[in-house]
Amino acid sequence: MAGSEPVTSPDQHKPGHRKSGRIGAVVVALALLAMLCGNHEGRVEDIWLVGLAVLLLVIVIGDTVLRRNGLRS
């Protein structure tokens, strides 16, 4: 039976919905930026919100560039 099918582990299978993950990350980044309009007084919260939103967008853009160049499968 093993001769007819390749033996793989679960971590070798490709993830299912890349586009959904990218859309979700962009939506979450926009939600974080929308939280800038709040009733907080300090700027520490603003720095965290903007920093996390930028980090998410950098990850999405980096993933897209690496996939386009063929460096990730």
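All heavy atoms count here, side chains included; hydrogens, waters and symmetry mates do not.
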*Asks:* Tell me every residue that passes side chain to side chain contact (heavy atoms under 4.5 Å, CB included) with Leu30, counting only those two or more places apart in sequence or in another chain.
*Replies:* Val26

*Asks:* Assigning hydrophobic clusters by single linkage (Ile, Leu, Val, Met, Phe, Trp, Tyr; side-chain heavy-atom cutoff under 4.5 Å), is Val28 placed with Val50?
*Replies:* yes

*Asks:* Got a sec, which pairs hit salt bridge (charged side-chain N to carboxylate O under 4.0 Å, His left out) with one end in residues 41-54, sequence neighbours left out?
*Replies:* Arg43-Asp46

*Asks:* So which heavy atom on Ala29 is nearest to which on Ala53, and how close?
*Replies:* O-CB, 3.7 Å

*Asks:* Just so I know, are the side chains of Leu49 and Leu33 near enough to count as touching, which here means a heavy-atom distance under 4.5 Å?
*Replies:* no

*Asks:* Can you run down the salt bridge (charged side-chain N to carboxylate O under 4.0 Å, His left out) pairs that involve residues 21-36, sequence neighbours left out, and say none if there aren't any?
*Replies:* Arg22-Asp63

*Asks:* Among Ile, Leu, Val, Met, Phe, Trp and Tyr joined by side-chain contacts under 4.5 Å, find the other residues sharing a cluster with Ile23 and list them by chain and number.
*Replies:* Val27

*Asks:* For a side chain to side chain contact (heavy atoms under 4.5 Å, CB included) check, start with the C-alpha distance between Leu56 and Leu52, then their side-chain angles and the critical distance, and finish with the verdict.
*Replies:* CA-CA 6 Å; Leu56 275 174; Leu52 289 174; 5.9 Å; no

*Asks:* I'd like to check the side chain to side chain contact (heavy atoms under 4.5 Å, CB included) partners of Val65; sequence neighbours left out, ordered by chain and number.
*Replies:* Ile61, Asn69

*Asks:* Would you list the pairs meeting salt bridge (charged side-chain N to carboxylate O under 4.0 Å, His left out) in which at least one residue belongs to residues 48-58, sequence neighbours left out?
*Replies:* none

